[in-house]
Structures are given as structure tokens and as C-alpha cells.
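Input: a single structure, listed below in C-alpha cells.
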Amino acid sequence: MKQETYVKISDYIRKFRYGEVIVKYGNIFVTRIIYIAFLVLLAILLWNRDDRIVRVILVCGVSFILVSLFRHFFNADRPYTIYEFKPVIKKEKKGESMPSRHVFSGFVIGMAFLYVYPRWSILIFICSALMGIGRVVAGVHFPKDVIAGAVIGIISGMIGFYFI
């Protein structure tokens with residue numbers, strides 16, 4: 001997206017009395033749903049002494065570390081640093097935008113749910129997609145960052161849960 005698009009979106013959101021609050025807390029809400037659901041998944045697997053817990057922890061953990069390392073070394077700029085505008089979600093971090101680690105985490109967790117409890121994965125994937133949209137609308141990620149995070153999360157999950 002171009003600078004004008006981000007500025008238009010930000011201005012449009014700020015035009016509404018609670019626009020910034022809705023975007024900010026909507027993003028926090030879907031993020032927390034995903035992370036709490038992941039903790040519940042781990043607790044259920046632990047409670048049931050389900051051996052799949054090891055795979056879930058390893059796939060999600062190793063994937064997260066690899067994505068974090070890639071982001072650190074690739075160090076792509078964020079939209080608000082390139083285009084110099086105030087993002088809807090207050091952020092001061094420079095770089096490490098590609099891929100979106102929030103969206104990556106959501107989708108790899110979605111893949112963990114698909115592996116263990118497929119019906120519940122739909123909720124996680126929907127929340128992850130909403131989170132991705134929210135991160136772009138808020139001006140903290142480019143669409144390519146969010147798409148890359150989703151694709152890498154899905155591929156990591158496919159490899160870790162179904163091919164290894």
C-alpha cells in the first residue's frame with residue numbers, strides 16, 4: 001500500500017469517536033483469544049496425557065524462533081517508519097516487520113488446532129485473519145507482511161504436523 005492509502009485509512013478511523021479504540025482493542029481481543037486458546041489446548045493435551053503435546057510445542061516453538069530470527073536479520077521497515085505517519089495502534093518499534101509475527105503465530109496455532117481439534121481451528125483461523133486485517137489497517141504492517149506471516153504459519157504447521 002502507498003502512503004496516501006495508510007493516511008486515508010488512519011484519518012477515516014480517527015474520524016469516528018471510538019475508531020482508534022475499536023481498532024486497538026479489537027486487535028488485542030482477537031490476539032488474546034488466540035493465545036488463550038493455545039494455552040487451553042496445551043492444558044487439555046497435558047491433562048489427557050496426550051503425546052501430541054510434544055509435537056504441538058516443538059512445531060510452534062521452533063517455528064516461532066525461526067521466524068523471529070528471520071525477522072531480525074531481514075529487518076524490513078514498518079509502514080509508519082517509511083511513510084512517517086502516526087499508526088492507529090501506538091508503536092515505536094523500528095524494523096522487524098516482515099513477516100508479521102502476530103499473524104504467523106495465529107496461523108501456526110490454527111494449524112495446531114487443525115491437527116488436534118479441527119472444528120476449533122476455524123475460530124482460530126478467523127481470529128488470525130481479523131488480526132492480520134487489523135494490523136494492516138492500524139498501519140503497523142504492510143499487507144505483504146501479514147500475508148507472509150499467514151503463509152509461513154500454514155506451511156510450518158503443514159510440515160510440522162503432517163509431513164514430519
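Just the heavy atoms: all of them, side chains too, but no hydrogens, waters or symmetry mates, feed the values below.
- At least one side-chain heavy atom of Leu42 sits under 4.5 Å from a side-chain heavy atom of Val56.
- Looking at Met131 and Phe107, their side chains never come closer than 4.5 Å, going by heavy atoms from C-beta outward.
- Residue Ile33 holds its CD1 atom at 6.5 Å from CG of Leu123, rounded to the nearest 0.5 Å.
- The shortest distance between side-chain heavy atoms of Tyr162 and Leu114 falls below 4.5 Å.
- A 4.5 Å side-chain heavy-atom check between Ile147 and Phe142 finds every atom pair outside the cut-off.
- When the side chains of ILVMFWY residues are joined at heavy-atom separations under 4.5 Å, either directly or via intervening members, Val151 and Leu66 end up in two distinct hydrophobic clusters.
- Contact between Ser156 and Phe104 at its shortest, heavy atoms only, is OG-CE1, 3.9 Å.
- Side-chain atoms of Arg71 come within 3.5 Å of backbone N or O of Pro99 as a donor-acceptor pair.
- You'll find the side chain of Phe113 stays beyond 4.5 Å of the side chain of Ile122, heavy atoms only.
- Two different hydrophobic clusters hold Ile65 and Ile164 under the rule that ILVMFWY side chains link at heavy-atom gaps under 4.5 Å.
- In this structure, CD1 in Ile109 is found 11.0 Å from OG in Ser63, a value given to the nearest 0.5 Å.
- Taking the side chain as every heavy atom from C-beta outward, Met111 and Ile154 approach each other to under 4.5 Å.
- Here Thr31 contributes atom OG1 and Leu130 contributes atom CG; the two are 10.5 Å apart, rounded to the nearest 0.5 Å.
- Residue Tyr35 qualifies as enclosed at atom OH: its count of foreign heavy atoms under 6.0 Å is above 12.
- Ser121 contributes atom OG, which lies 14.0 Å from atom OH of Tyr115 (distance to the nearest 0.5 angstrom).
- Cluster membership check: Val140 does not share its hydrophobic cluster with Met98, using side-chain heavy-atom separations under 4.5 Å among Ile, Leu, Val, Met, Phe, Trp and Tyr.
- Using the six-membered ring where Trp is involved, Tyr6 and Tyr83 have ring planes that are tilted, between 30° and 60° apart.
- Within a 6.0 Å sphere centred on NZ of Lys2, heavy atoms belonging to other residues, nucleotides or ligands number 12 at most.
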Open item on the list: For Lys90 and Tyr80: C-alpha separation, side-chain torsions, deciding distance, then whether side chain to side chain contact (heavy atoms under 4.5 Å, CB included) applies.
Closed with: CA-CA 10 Å; Lys90 185 179 178 185; Tyr80 60 86; over 6 Å; no
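- Looking at heavy atoms from C-beta onward, Leu41 lies out of side-chain contact with Trp120 at the 4.5 angstrom threshold.
- Nearest heavy-atom pair, Ile89 versus Asn27, reported as atom, atom and distance to 0.1 Å: CD1-ND2, 3.3 Å.
- Here salt bridge (Lys or Arg N to Asp or Glu O under 4.0 Å) pairs that include residues 133-155, with residues two or more places apart or in two chains, number zero.
- A side-chain contact (heavy atoms from CB on, under 4.5 Å) with Ser128 holds for exactly one of Ile34, Val146, Val108; it is Ile34.
- A distance of 8.0 Å separates CZ of Phe161 from CZ of Arg55, quoted to the nearest 0.5 Å.
- Of the possible donor and acceptor atoms, none in the side chain of Ser10 sits under 3.5 Å from a partner among the backbone N and O of Val7.
- Smallest separation of non-hydrogen atoms from Ala37 and Ile124: CB-CD1, 3.6 Å.
- Within 6.0 Å of NZ on Lys24 lie no more than 12 heavy atoms contributed by other residues, nucleotides or ligands.
- With Arg78 contributing its side chain and His141 its backbone, the two residues share no donor-acceptor pair below 3.5 Å.
- Around the CZ atom of Arg52, the shell of radius 6.0 Å holds more than 12 heavy atoms that belong to other residues, nucleotides or ligands.
- Taking a 6.0 Å sphere around CG of Asn48, one finds it holds more than 12 heavy atoms contributed by other residues, nucleotides or ligands.
- Annotation: side chain of Phe38 is in contact with side chain of Cys60 (closest heavy-atom distance under 4.5 Å).
- The cluster map of Ile, Leu, Val, Met, Phe, Trp and Tyr, joined by side-chain heavy atoms under 4.5 Å apart, puts Ile57 and Val62 in different clusters.
- For residues 56-78, the ring pair (Phe, Tyr, Trp, His ring centres under 6.0 Å) pairs, not counting sequence neighbours, are Phe70-Phe74.
- No single ILVMFWY cluster, assembled from side-chain heavy atoms under 4.5 Å apart, contains both Ile28 and Val103.
- Shown here are the ring-ring contact (aromatic ring centres under 6.0 Å, His included) partners of Tyr12, two or more places apart in sequence or in another chain: Phe16.
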